[in-house]
2 protein chains.
Amino acid sequence: MAQVFERVALIGLGLIAGSMAHAMKRHKLAGHVAGFARSAETRRAAAEIGFVDSVHDSAAEAVKGADLVVLAVPVGAMGAVAEEIAPHLAPGATVTDVGSVKQAVIDAVGPHLPDGVHFIPSHPLAGTEHSGPYSGFATLFENRWWLITPLDGADEAATARLRRLFEGVGAQVDEMEPGHHDLVLAVVSHTPHLIAYTMVGVADHLRRVSQSEVIKYSASGFRDFTRIAASDPTMWRDVFLTNKEATLDILGRFTEELFVLQRAIRMGDGDHLYEYFTRTRAIRRGIIEAGQDTDAPDFGRARKD
Amino acid sequence: MAQVFERVALIGLGLIAGSMAHAMKRHKLAGHVAGFARSAETRRAAAEIGFVDSVHDSAAEAVKGADLVVLAVPVGAMGAVAEEIAPHLAPGATVTDVGSVKQAVIDAVGPHLPDGVHFIPSHPLAGTEHSGPYSGFATLFENRWWLITPLDGADEAATARLRRLFEGVGAQVDEMEPGHHDLVLAVVSHTPHLIAYTMVGVADHLRRVSQSEVIKYSASGFRDFTRIAASDPTMWRDVFLTNKEATLDILGRFTEELFVLQRAIRMGDGDHLYEYFTRTRAIRRGIIEAGQDTDAPDFGRARKD
């Protein structure tokens, strides 16, 4: 594939930035990849693994001369990073971020960036339950969505160029309005994560059921919750603090629905339960048909797990 | 492996019974496998696939001469099946069931069975989101737990023999008191399923977020919920109706915990969220160490999903 950017600066060197670096190298999408992370240990790891061409001691140093800067830090840290790098950005550079919340990032980052720099917020819908510099891999974005939420009057050429990079690492790109993005993600990601965290927390508090029993017998549904609930705590704290309204809205709907089902259980209303459980099957079928998942039993997981 | 039973009768021919039949054939654990299902279509399918040696038009016919009878029907149907087969059971036969709830099955089945028949309730912690005669496969039980909940005074030789069968199909066997089983399962399976059903239902009700968006972007956490929520509606209706007390208990704890997190989000209490999310990671690590899961990113799923 043809090179898309001459010099890419990655601010933050965790799962997403690391995977971007691996993928850009594999597909020769960037001439040089510069990196910075707040933690010296992470910087050392990134240099050792070698997914960046240069590691810098400050974000300001890392962005110098870059035609693309990627903010890959927790959502709550984006504003401070933007403020720090702003005076050092090359004229005409593109700045994007990979945060899971978009409106809050736009509010925090936008005001710091100088005229002539193209800020195009984005969010790759890809990840695993692992984090840190050792967790990245080149195929993370393949066949995953990468949403971009351009601001009014965004430069079309800069947007198209960024899109070429995301498509180059294997993603499918969609554009979305920032507020709508935050609501959609509250439904498909943020609220499910909070629920998974909660259920895992409940299992941990029980006295009559030992933790070893919960762990031993987790294959029956609980395991998928623990995977979700193992994700990076800082990232998720920031997601909930910054996508507060949409998350509280969906959570409110969730508890209402749950109480209706809870009442049906208490009252022994089997018809209600049966109808509800039948309806939810259709959504699952839709996901398989949309190609977002496999129809293989248990996701085609190795049987040994 | 050596044959454990001469003639096994499977009542119900869905995912669990079909998988047992496939596995018993592969490991030569049964001399003859007889089968019955209520639906003529299922009986035809089982005969066509060939995982049973004989298909019968009634449960009473199927159990004749069997030294092992496996009740593999929804929990709510167990009592009626037991009543129907009771007069036709061979003296000294073992009867087991594979229901996800144990005390309710014991209460429904036990009273019907004649003296001299060994009733040893059991529950394999294995399954997929698929159901019906075409969904079974021989390796479903490999390295999965199969819990048995023997009644007071259960025959030791009969229990040991049943255990040999379950180990023969690849399972690890544990014994548990029925009431404790129902509580443990409420934590690791029943409540997580209800929560997943609820979250999928919420996604379906929203107007501002289209169903196609939910489906397209489901990879970010929601997908695991839809897998869980795609399971057999009849089976799950019966689970909640018959494990009512334990499920309501765990659900109550869950909503309490959720409200505390919801309040932390509303109040912007990041420290509380961070600490909570950090604690839940430890449980996940425990599950990986216990060998119930893989440490590979995203469960080692094929990247194309």
Side-chain angles (χ1 to χ4, degrees), chain A residues 125 128 130 139 142-143 184 187-189 192-193 195 197-203 209 213-215 217-226 228-230 233 236-237 240-241 244 251 253-254 257-258 262 265 270 273-274 277-278 280-281 283-284 286-287 290 292-294 297-298 303-305, chain B residues 125 128 130 139 142-143 184 187-189 192-193 195 197-203 209 213-215 217-226 228-230 233 236-237 240-241 244 251 253-254 257-258 262 265 270 273-274 277-278 280-281 283-284 286-287 290 292-294 297-298 303-305:
Chain A
L125 305 191
T128 72
H130 298 294
T139 57
E142 286 182 9
N143 288 304
V184 170
V187 175
V188 299
S189 174
H193 270 80
I195 288 166
Y197 275 120
T198 307
M199 190 63 222
V200 173
V202 168
V209 178
E213 284 174 320
V214 167
I215 288 170
Y217 308 126
S218 67
S220 329
F222 187 69
R223 192 182 55 178
D224 284 340
F225 282 65
T226 68
I228 298 176
W236 283 101
R237 176 198 64 195
F240 295 118
L241 293 179
K244 182 192 284 200
L251 268 178
R253 292 164 187 273
F254 171 81
E257 292 278 315
L258 185 62
Q262 189 171 325
I265 293 173
L273 295 172
Y274 181 83
F277 300 163
T278 302
T280 57
R281 274 196 147 177
I283 295 199
R284 172 73 188 161
I287 287 172
Q292 282 287 305
D293 212 334
T294 165
D298 204 20
R303 306 279 1 132
K304 65 178 280 290
D305 69 356
Chain B
L125 305 192
T128 73
H130 299 294
T139 56
E142 285 180 12
N143 288 303
V184 170
V187 175
V188 299
S189 173
H193 271 80
I195 288 166
Y197 275 120
T198 306
M199 190 62 222
V200 173
V202 167
V209 177
E213 283 175 319
V214 167
I215 289 170
Y217 308 124
S218 66
S220 330
F222 187 68
R223 193 182 55 178
D224 285 340
F225 282 65
T226 67
I228 299 176
W236 283 101
R237 176 198 63 196
F240 295 117
L241 294 179
K244 183 192 285 200
L251 268 178
R253 292 165 187 273
F254 171 80
E257 292 278 313
L258 185 62
Q262 188 170 326
I265 292 172
L273 296 172
Y274 182 83
F277 300 165
T278 302
T280 57
R281 273 196 148 177
I283 295 198
R284 172 71 190 164
I287 287 172
Q292 284 286 305
D293 212 333
T294 164
D298 204 20
R303 307 277 2 132
K304 66 177 279 291
D305 70 355

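Below, read A as the first sequence line, B as the second, and so on, with proteins coming before strands; counting in each chain starts at 1. Computation of the quantities below employed the complete heavy-atom set of this structure, encompassing side-chain atoms and omitting hydrogens, waters and symmetry-equivalent molecules.
- When all heavy atoms of Arg281(A) and Ala230(B) are compared, the pair lying nearest together is NE-O, 2.7 Å.
- A donor-acceptor pair under 3.5 Å is absent between the side-chain atoms of Thr280(A) and the main chain of Val200(B), judged by distance alone.
- In this view, Phe240(B) and Phe277(A), Trp236(B) satisfy the ring pair (Phe, Tyr, Trp, His ring centres under 6.0 Å) rule, not counting sequence neighbours.
- Scanning for side chain to side chain donor-acceptor pair (under 3.5 Å) contacts around Gln262(A) gives an empty result, with sequence neighbours left out.
- Ranked by non-hydrogen atom pairs under 4.5 Å with chain B, the options Val202(A), Leu241(A), Ile265(A), Val187(A) are led by Ile265(A).
- For chain B, the nearby part of Phe225(A) is the side chain; its heavy atoms alone come within less than 4.5 Å.
- The shortest non-hydrogen separation linking Arg237(A) to Tyr274(B) is CD-CB, 4.0 Å.
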